[in-house]
Every structure is written in structure tokens, then in C-alpha cells.
Amino acid sequence: MSKKPKFNRRTMLSLTAAGLVGSSTAIAASDDVVLTEYDADSSVNWDTDAWPQVGYDNGRTSYNAAASGPTGELSVSWKFGEESFSGQIPIVADGTVYTIQGAPLYGVQKLYALSSDDGTERWVAELKGDYEQNAKDDDAPRYTYDMRSTAVADGTVYTSRLDRTEVFDAENGDRLWTVETGGNNIAVTDELLVVDSPLLSDGNHEVGHRVVALSREDGSVEWTYNFRGRGPTTLDPTLDIVVADGSVYALYDAVDPEEKKVLRSISLDSGEEEWSREATSLEGDMVATASELYVSLGNALLVLDPKTGDEKWTNDSEYAVKAVGDGTAYCTDGNVVTAFDAASGAEQWRVETNRRGSARIVHDELVVAGDVLYYTITKDDTVNDKPAVRDVETGELLGRYELPETADRDDGLLDATNYLAPAGEKLYTVSDDALVAFCDKSDDESDGVDSDDGDDSGGGEGGDGSDEDEFDDC
């Protein structure tokens, strides 16, 4: 590219300060790399009190020291969606909440931008797709736009699927450009969009994957890195990527019983291989920072030096790192939450969430906003899910709260089994049949702490929430 793209700069947090962008020196080139030159990566900016993509940043650290969420008994601030709502998990940036609604099997998908104050619609954009072809041909591919492949940066919204990427002005929803190249696990750097996507199918199954770097200016392909191979199985290969400090970390499983899984570091600048590591048990679930790369082994946690691929420390447990920040890695196996020193692996605190054997952390998800760690506890299909809040320094339970009523349910149950996004003193998720913004209950009559799932801290039973037509003020 001849010049750097111009983007809307606001008073925001720089990823450079967080150690999530930079440059690396290429060690070895791959025969599968296609290159064009572009300027060195520098910085990406966004609003500080935000959750602008799933995992918060390109390294999927799920940690934002500047974000804020409710810490007391919950109330519904607002909700978006009706009985037929089929929306996805939200992301939040610059006072706007984004979600994608619809499915290509049933009709058009749309990207919604909502006010974080009251959930009113700011703009809506119809996402391009082969909807007419889907209606005519039952065998037509129904590629889906996903909020896990959507991000907001520099006043711009990026969303991608397997064969298309679309870009919108975050303020008014104007479509800036679209290209017929895209994928999953989107990462936004200063000049690039990085995604992963399958290579061409052999007619039945995928025959590899590739990492694709697109220009943020116009969507042109800057470089690609291909992973090939598929074993004699009915399973398709998988690729997971994270980006940090000038490198793309790609974990590839060719689903070949005779092949080892491979973890590679790829230069963000050039698309060239920096180092490679093989193992038979790598299972994905990566988190990357400038100083550590965390990889789940299924029965152990492996922590690598991201510059060399050398082992820094391991933990012989089924832990997976779910959030990392301020020198601490927060891990869970669904029943226990443990905080480790990020550099050494020394345990800082450990708490059980499942002493009675019935409660479990939903999807093993942990997110950190400011000095608070959030997750959701679920028991079974007959008990309401409950968001829980802990102090990140000590692990002390600050509260576990009943979800306020958001919709009429025949079974009377309320679920929040999707990703939690804390920002702007609200907690966003998809609950029941709507996207919901929860806040601290205004009439603070109860601390909301509930210990009936056997956690190590207890208190009084939480309140019963608010009626959907009489939401409490936040």
C-alpha cells in the first residue's frame, strides 16, 4: 500500500500501551505465503469503557481494566427484541451496542446499532448475502455473519463471514466497502483485518485452512498463509487464531490421526512463519499477550514465550485460561476458578464454584472489567442461571444474583447462557428472547448475594427482579 489509511481518531485507549500490537522479525518463509508490502503496524484505538469485540481484544484476553459493570443486585435497564428475536451476543463501543439478528436459512441478516443508554435503534444495515439463492436451493451454502467475527475500532464496524467482509461507519451505518473474502476470528490491527477461513472443499469436506490479512482501507488481500491436509475422517480440519504484539498465532488440526497438530507463529508484517511447534494433544482455547501465549492441552495448560515458542510454565490440570491482565491469568475448569501469576504460574488464589456438585460456570467463560471478574453459574434446566461477581485481587465473592424478569416464560426460568459484555456500568448478554442490558438495582435494599449453589462465600437471597414493563432506573 502506498499510504496509511485514514481513520476517525477519538479519545480512546491505545492497544500499543496494552502491549497488543507491534512488530516481529521473520525467521523462515513458507511456500504458501502470498505477499504485498504495507506499512508497519502501530496502533488501534477505541473507547476505554468498552467491549468492542468478543474477548475484548485480538489476543482474546477478556480483560479491560478501564471497563465498568454492575456489582450489586441486578435490574433490567433495557432490552431489545421480541418473541421471534434471533439475535446474537452483543459488543459495545463508544456508547453503542451492536448485535446481528436473523439467520440466512430463514431470511436476511441485519446488523443493529443500539443506544447503550436505552436500547433505541441508532441505525440498522442489511448484510449482503445469497438470500434469494438460499430460498431457491436447499443445498446452497448458508454462510452466517457472527458477532464473534465482528469488531469495532476507530469509529468503524467490521463484520465477516466465510466469503464476505463488510465495513460500516459506526456513527451512521453507511457501508464503506465490502469484498467477497472473509472468515472467522476477526482481529483488527492498525492497517489489517486478520481472519481464518477454510480452503476449497473437495466436494464433501474442507481440505485445509488459511489465515488471510486484508487491508482495512479497501479489503484487498495483503497476504495469506495456508494450512493444508485432511485425514481419512468425516471431520473437517479446524483453525484457531489470536493476534498479539505483531504476530498471528495459529493452531491447526488437520483431523488426521497420523498427523500432529501444529501451532505456528506468523509475522503480522509479512505473513512469514516465525516459529512452529507440534504436539499430539493441543486442543485450542488460546489467549495471547505480548509476554505469554496460553494454550489448552485438554489435560494440562501450556504457557509459551510468544517470541520463541519455548515453554515458560505448565500446569497439570484441565484449566483453560479465560482472562489475562495486569500480570494475572484467570483460569477455570468449569468448577474451580484460579488466578495464576502470568509470568511464573504461581497460584495467587483459588475458589470452588461447585462444592455441591450441581453448579457449573456456563461455557467456562470468565471476563474481567476493572477490578471485577464476571461469570455465570448454571445448575440444570430447572434452575435460573445466576451471574456471579468476584474481586480480581482476592477471589472474594462480591455477589451472585438472580436475573430479573425479561420476558414471559412458560417454565418461569431465566437464562443468560451467552457471553457477558461489561461496559458503561451495564452488563450485556442475550437472555431469554432478547438482548438485555442489566444494571445495578436502583433501590439498593439487598446485597443480592446468594450462596445456594455451594460457593465459598454467602449472604442473603437476591431479589426477584423487575417486571419487563417496569424496569428500574439505572
Side-chain angles (χ1 to χ4, degrees), residues 15 18-22 24 53-64 146 148-149 151 183-189 194-197 209-213 225 227 237-255 260-268 273-315 317-325 328-334 338 340 342-343 345 363-368 419:
L15 280 182
L20 295 177
V21 293
S24 299
Q53 65 190 68
V54 174
Y56 174 68
D57 53 30
N58 296 333
R60 308 296 189 254
T61 63
S62 294
Y63 187 104
N64 182 0
D146 193 326
R148 294 183 182 273
S149 297
N184 305 311
N185 299 311
I186 194 169
V188 183
T189 73
V194 182
V195 297
D196 70 75
S197 65
H209 271 253
R210 62 176 181 166
V211 181
V212 184
Y225 190 104
F227 290 81
T238 61
L239 178 65
D240 185 31
I241 63 170
V242 291
V243 177
D245 199 32
S247 295
V248 181
Y249 302 100
L251 179 58
Y252 181 65
D253 180 3
V255 200
K260 293 182 178 180
K261 301 176 183 181
V262 61
L263 173 63
R264 285 187 179 144
S265 175
I266 302 167
S267 169
L268 187 61
E273 182 181 315
E274 297 172 316
W275 54 260
S276 181
R277 183 185 180 106
E278 294 184 344
T280 57
S281 58
L282 291 176
E283 293 191 355
D285 227 2
M286 294 189 298
V287 175
T289 70
S291 52
E292 283 87 28
L293 175 63
Y294 304 87
V295 187
S296 170
L297 301 177
N299 58 358
L301 174 64
L302 176 65
V303 184
L304 306 176
D305 183 325
K307 294 302 180 186
T308 64
D310 294 337
E311 182 179 313
K312 295 189 69 170
W313 57 271
T314 60
N315 184 279
S317 68
E318 296 182 359
Y319 287 132
V321 173
K322 292 297 183 177
V324 180
T328 302
Y330 302 91
C331 308
T332 184
D333 63 359
T338 306
F340 294 101
H363 298 319
D364 297 349
E365 294 282 7
L366 309 175
V367 298
V368 176
Y419 190 79

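Side chains included, hydrogens not; waters and symmetry mates left out as well; all remaining heavy atoms used. Values in this document were obtained by computation on a predicted structure and should not be read as measured data.
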Of all the heavy-atom pairs spanning D196 and L239, show the shortest one and how long it is. CB-CD2, 3.5 Å
Just how far is it from atom CG of D57 to atom CG of N64, taken to the nearest 0.5 Å? 8.5 Å
Quick one: are L293 and L263 in side-chain contact, heavy atoms under 4.5 Å? yes
Does the side chain of V242 reach to within under 4.5 Å of the side chain of V287, using non-hydrogen atoms? no
Contact summary for N315 and S317, nearest pair of heavy atoms: OD1-OG, 2.5 Å
Minimal heavy-atom distance between A151 and Q53, with the atoms involved, is CB-OE1, 3.7 Å
Output the distance between atom OH (Y249) and atom CG (N58), rounded to the nearest 0.5 Å. 12.0 Å
Distance (rounded to the nearest 0.5 Å) between T238 OG1 and F227 CZ: 11.0 Å
Any sub-3.5 Å donor-acceptor pair from Y319's side-chain atoms to L301's backbone N or O? no
Would you say the side-chain atoms of S149 pair up with the backbone N or O of N185, donor to acceptor, closer than 3.5 Å? yes
Rounding to 0.5 Å, atoms CE (M286) and CG (L302) come to a distance of 11.5 Å
Over all heavy atoms of both residues, which pair between A323 and V368 is shortest? Give the atoms and the distance, please. CB-CG2, 4.0 Å
Does some side-chain heavy atom of L304 sit less than 4.5 Å from a side-chain heavy atom of R277? yes
Value rounded to 0.5 Å, distance of CD1 in I186 from CZ in R148: 14.5 Å
Nearest heavy-atom approach of K307 to W275 is O-CD1, 3.3 Å
How far apart are the closest heavy atoms of P306 and S265, and which atoms are they? O-OG, 4.3 Å
Any donor and acceptor pair, going by atom type alone, linking the side chain of Y419 with main-chain N or O of G55 inside 3.5 Å? yes
For the residue pair W313 and F340, categorise the inter-ring angle as parallel (less than 30°), tilted (30 to 60°) or perpendicular (more than 60°). tilted
Determine, step by step, whether Y252 and V262 satisfy the side chain to side chain contact (heavy atoms under 4.5 Å, CB included) criterion, reporting the C-alpha distance in whole Å, the side-chain angles of both residues, the deciding distance to 0.1 Å, and the verdict. CA-CA 5 Å; Y252 181 65; V262 61; 3.8 Å; yes
Lys/Arg N to Asp/Glu carboxylate O, K261 vs D253, below 4.0 Å: yes
Find the distance between OH (Y225) and CZ (R264) and round it off to the nearest 0.5 Å. 4.0 Å
